Protein chains: 2
Amino acid sequence: MGLDDRKKVVLQAIVDDYVATCEPVGSKSLIDRHDFTVSSATLRNDMAELEQMGYLEKPHTSAGRIPSDKGYREYVNSLMKVDHLSDEEGREIRSKLGESFDEIATLLKAASATLADQTGYISLAVTPKLTSSYLTQLKMLMIEPGKVLVVVVLSAGVVKNRMVRIPDFLTQEQIAQIGNAVEQGLSGMPLSEISLITVATAAKDNQKVELPDALLNQVLYEAYTAIKQADNLDVYMEGKHRMLSLPEFSDTRRAQGLFDTLSHDGLIAGYVDEVTKEDEKKEYMIRIGQEITLEGLDGCSFITTTYTVGGKVAGNIGVIGPKRMEYSKVISQINFVRMMLDEKLKQ
Amino acid sequence: MGLDDRKKVVLQAIVDDYVATCEPVGSKSLIDRHDFTVSSATLRNDMAELEQMGYLEKPHTSAGRIPSDKGYREYVNSLMKVDHLSDEEGREIRSKLGESFDEIATLLKAASATLADQTGYISLAVTPKLTSSYLTQLKMLMIEPGKVLVVVVLSAGVVKNRMVRIPDFLTQEQIAQIGNAVEQGLSGMPLSEISLITVATAAKDNQKVELPDALLNQVLYEAYTAIKQADNLDVYMEGKHRMLSLPEFSDTRRAQGLFDTLSHDGLIAGYVDEVTKEDEKKEYMIRIGQEITLEGLDGCSFITTTYTVGGKVAGNIGVIGPKRMEYSKVISQINFVRMMLDEKLKQ
DNA sequence: TTTAGCACTCAGAGAGTTAGAGTGCTAAAC
DNA sequence: GTTTAGCACTCTAACTCTCTGAGTGCTAAA
């Protein structure tokens with residue numbers, strides 16, 4: 001059932017050619033572009049068999065062949081060789097991510113931009129998954145009477161803030177006290193365990209100021225929603241409009257379908273998460289064409305990998321491009337960026 | 001030189017028809033769709049004159065006419081009637097912006113999303129222009145030794161924060177003290193007047209803790225850059241990909257050119273600012289086709305207006321669509337959203 | 001198993017035709 | 001002086017027809 005050696009070479013050559021030209025590959029042009037020791041007739045036989053086995057497709061009877069999803073899958077799994085990044089590419093990425101970033105959001109934005117520039121496809125970076133992280137700080141800052149900025153700092157280095165409204169006779173001191181009490185009670189607690197009840201007990205156990213229960217609860221509720229809101233994953237996506245120059249998206253309806261889906265950050269983050277779980281332990285995850293369960297992305301391929309914060313699995317970075325993608329190049333680029341992120345996030 | 005009454009009606013009818021169909025308008029179909037009391041031959045004469053005067057264009061000899069930039073300009077300036085929003089539209093917008101927003105950024109995002117949904121074009125909202133606003137608060141929060149979150153609050157209600165790095169032996173108390181000193185010295189000062197020197201004198205005049213000058217200056221420098229960074233305008237843009245379904249952007253290269261330019265927030269914010277200055281005192285600003293000096297936007301029209309915070313001129317909201325835009329509808333929608341923003345930002 | 005040879009297929013490019021919506025112009029009517 | 005009917009003219013878009021060439025599959029010989 002497996003592919004014999006020559007068929008493997010043929011399939012590989014076809015994928016390579018199609019990636020380069022976006023045109024169906026015929027037996028003759030295959031001979032021209034590669035050093036085959038057999039004739040075109042032999043290739044034709046092989047190609048017919050490869051088609052029968054589902055690795056190739058024909059747009060129409062008298063055209064050349066293009067790889068099917070299964071063909072790309074085989075190529076990705078066992079045919080392509082992931083080569084090292086060229087020195088120059090490495091240098092370029094290094095220079096773009098070289099400076100020091102004080103906030104994880106800024107770093108991820110830069111990583112995403114770099115990846116998009118480098119690959120020419122759509123890049124994305126997702127903030128660390130917070131279920132695995134815990135609260136380290138909670139500060140409440142009075143901005144004006146009745147308005148408080150809640151700053152939430154999480155173990156993965158994520159800082160989020162949210163403006164909330166509170167009764168306007170509360171003083172900066174009272175508010176700060178409550179914040180401190182909650183922080184003391186909850187710091188180190190996994191986000192998943194934080195609930196309105198744990199917030200309340202934390203506050204009551206550690207608080208020094210006396211406040212009527214109803215009033216206190218109101219403030220605590222706001223603190224709680226601020227913490228919960230910090231749980232949202234942010235997605236930084238770059239390079240979308242570059243897809244418009246690819247022949248596969250010259251039909252604007254396809255492009256629109258793609259963009260439509262991509263504009264829902266939540267969908268994308270959720271899908272990345274799903275894929276990460278499915279392919280646990282893999283160095284990188286690849287989904288090709290119909291394998292992608294998101295609407296509008298069935299003409300694309302999706303490569304993601306996971307970066308770590310302080311050694312723990314955290315968020316994802318990835319690239320979305322046409323199925324006809326330069327897989328090995330993209331993989332080595334993603335890997336390199338991942339490496340740099342890991343390094344910068346080690347502390 | 002002016003247009004006689006019938007020519008005005010003809011031009012208006014042609015713009016209306018072309019907006020509705022995106023197809024060149026001929027004399028016969030004009031008669032069919034409108035109640036003219038004259039014959040098509042007369043209209044033909046009028047149309048020929050309108051063309052000569054520059055209000056109309058022909059895609060080719062035997063086609064109907066389409067409005068030129070000048071034609072749209074005339075339409076917008078004196079032909080169209082800006083009608084009131086339908087009750088239903090008003091209700092819809094009101095319901096989308098009805099809830100209360102604690103942060104100006106959130107409110108602007110919602111306004112932008114509403115405008116995009118409602119018009120079907122590209123919407124944008126720009127944060128308040130900060131040159132006219134002043135610092136109200138500056139807080140420095142130690143996140144971990146060596147890392148401080150600087151929170152800058154401006155008079156227009158804008159809250160920004162930035163993580164900065166400082167020597168890691170400084171304590172939370174010292175940092176907070178410095179923050180307080182700067183805040184005391186600068187609060188109420190217009191952003192434009194804040195410089196490294198004013199920051200330094202503010203700190204030295206109000207500070208209680210004693211610190212070596214070099215050390216203090218390092219922290220002050222970070223505070224200063226955080227304040228200056230708060231000066232960046234943010235642009236919230238929505239609905240870009242909707243343009244792909246318009247016939248004028250079925251050519252992906254046009255769409256790509258547009259998207260390319262739109263991805264540079266700075267460019268857009270700068271242009272909006274420029275237009276606002278040019279058309280000072282106007283209720284809304286309109287730029288049509290070639291009037292827009294941004295690359296890639298010459299097939300578009302751009303409508304902006306200004307919202308106010310606390311009664312003072314502040315930021316902008318706007319819509320970008322094809323030249324063939326439903327001007328009067330969009331204008332009334334923008335106006336309505338502007339009104340709602342003003343109301344919500346009155347306090 | 002490989003290859004040469006050959007008949008067959010089909011998309012895409014180009015040429016020719018037609019239909020129809022549009023124009024401008026002229027001369028008569030109002 | 002406008003307005004209008006009438007007419008010849010123009011040009012695109014759609015359709016058909018043909019042709020080319022790259023590609024195929026099959027057969028029979030090497």
Side-chain angles (χ1 to χ4, degrees), chain A residues 2-11 13-18 20-68 71 247-248 250-251, chain B residues 2-11 13-18 20-68 71 247-248 250-251:
Chain A
L3 297 172
D4 64 47
D5 282 355
R6 198 183 54 221
K7 285 210 188 64
K8 283 183 186 168
V9 177
V10 172
L11 179 54
I14 290 177
V15 174
D16 283 340
D17 278 15
Y18 186 67
T21 64
C22 194
E23 285 191 352
V25 182
S27 54
K28 248 180 214 152
S29 57
L30 209 51
I31 292 271
D32 289 349
R33 288 163 148 274
H34 299 86
D35 298 326
F36 280 104
T37 54
V38 294
S39 75
S40 68
T42 311
L43 291 189
R44 269 203 294 287
N45 291 334
D46 284 353
M47 287 161 80
E49 279 182 70
L50 281 167
E51 188 185 347
Q52 203 124 48
M53 296 162 99
Y55 294 104
L56 296 177
E57 287 171 354
K58 266 193 295 198
H60 56 265
T61 349
S62 71
R65 306 297 209 295
I66 62 175
S68 65
E248 31 269 271
S250 63
D251 177 3
Chain B
L3 297 173
D4 64 47
D5 282 355
R6 197 183 55 220
K7 286 211 188 60
K8 282 184 186 169
V9 177
V10 172
L11 179 55
I14 291 177
V15 174
D16 283 338
D17 279 14
Y18 186 66
T21 64
C22 194
E23 282 187 358
V25 183
S27 55
K28 247 180 215 152
S29 57
L30 208 52
I31 293 270
D32 289 351
R33 289 163 146 275
H34 300 84
D35 297 327
F36 280 104
T37 54
V38 294
S39 75
S40 67
T42 312
L43 292 189
R44 268 203 294 287
N45 291 335
D46 286 352
M47 286 160 81
E49 278 182 71
L50 281 167
E51 187 185 347
Q52 203 123 49
M53 296 162 99
Y55 295 103
L56 296 178
E57 288 171 354
K58 266 191 297 197
H60 56 264
T61 346
S62 71
R65 305 298 208 296
I66 62 176
S68 66
E248 31 270 271
S250 64
D251 178 3

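Below, chains carry the letters A, B, ... as their sequence lines are ordered, and counting in each starts from 1. These figures come from a predicted structure and were not determined experimentally.
- At a threshold of 4.0 angstrom between heavy atoms, the contacts of B:Ser40 with the nucleic acid are absent.
- With hydrogens and angles disregarded, no donor-acceptor distance shorter than 3.5 Å links the side chain of A:Ser40 to the backbone of A:Ser27.
- Rounded to an integer number of Å, the gap from CD1 of A:Ile66 to P of D:dG23 is 14 Å.
- Considering only heavy atoms from C-beta on, B:Leu43 comes within 4.5 Å of B:Ile31 through its side chain.
- Between A:Val38 and A:His60, it is A:Val38 whose nearest contact on DNA chain C lies nearer the 5' terminus.
- The side chain of A:Ser62 lies closest to C:dT9 when the candidates are C:dT9, C:dC25, C:dT3.
- In this model, no side-chain donor or acceptor of A:Thr61 finds a partner on the base of C:dT9 within 3.5 Å.
- You'll find that the side chain of B:Thr42 is closest to D:dT3, out of D:dT3, C:dG22, D:dC7.
- Following rounding to the nearest Å, A:Asn45 (CG) and D:dT27 (C1') show an atom-to-atom distance of 11 Å.
- Of the candidates C:dT3, D:dT4, C:dG5, the closest approach to any side-chain atom of A:Arg44 belongs to C:dG5.
- When the C1' atom of D:dT24 is taken as reference, atom CD of A:Gln52 falls 14 Å away, rounded to whole Å.
- For the pair B:Glu51 CD and C:dG22 P, the computed distance is 15 Å after rounding to whole Å.
- Shown here, D:dA28 forms a base pair with C:dT3; the pair counts as Watson-Crick or G-U wobble because both key distances fall under 3.5 Å.
- One can place CG of A:Leu50 at 17 Å from P of D:dG23, the figure rounded to the nearest angstrom.
- Taking the side chain as every heavy atom from C-beta outward, B:Asp46 and B:Val38 never approach each other to under 4.5 Å.
- In this structure, A:Asp32 atom CG and D:dG21 atom P are separated by 16 Å, rounded to whole Å.
- Taking every side-chain heavy atom of A:Ser29 into account, D:dG23 is the closest of D:dG23, C:dA4, D:dG25.
- Atom CG of A:Asp17 is separated from atom P of D:dG23 by 11 Å (rounded to the nearest Å).
- A salt bridge links A:Arg65 to A:Glu51: at least one charged side-chain nitrogen sits closer than 4.0 Å to a carboxylate oxygen.
- Checking C:dG24, C:dT3, D:dT24 against the side-chain heavy atoms of A:Met47 singles out D:dT24 as nearest.
- Minimum atom distance to the side chain of B:Ser27 is reached by C:dT23, of the listed C:dT9, C:dT23, D:dT24.
- You'll find the side chain of B:Glu57 stays beyond 4.5 Å of the side chain of B:Pro67, heavy atoms only.
- Looking at B:Thr21, its side chain does come within 3.5 Å of a backbone N or O of B:Asp17 through a donor-acceptor pair.
- Of all nucleotides present, only C:dA29 satisfies the Watson-Crick or G-U wobble test against D:dT2, with each distance under 3.5 Å.
- With rounding to whole Å, A:Leu43 atom CG is found 17 Å from D:dA22 atom P.
- When the nucleotides D:dT4, C:dA4, C:dG24 are ranked by their closest atom to the side chain of A:Ala41, C:dA4 comes out on top.
- Within 4.0 Å (heavy atoms only), A:Ala63 reaches sugar-phosphate atoms of the nucleic acid but no base atom.
- Residue A:Arg6 places its side chain closer to C:dT2 than to any other of D:dT12, D:dG23, C:dT2.
- One finds no side-chain N or O of A:Lys58 lying less than 4.0 angstrom from the OP1 or OP2 phosphate oxygen of C:dA11.
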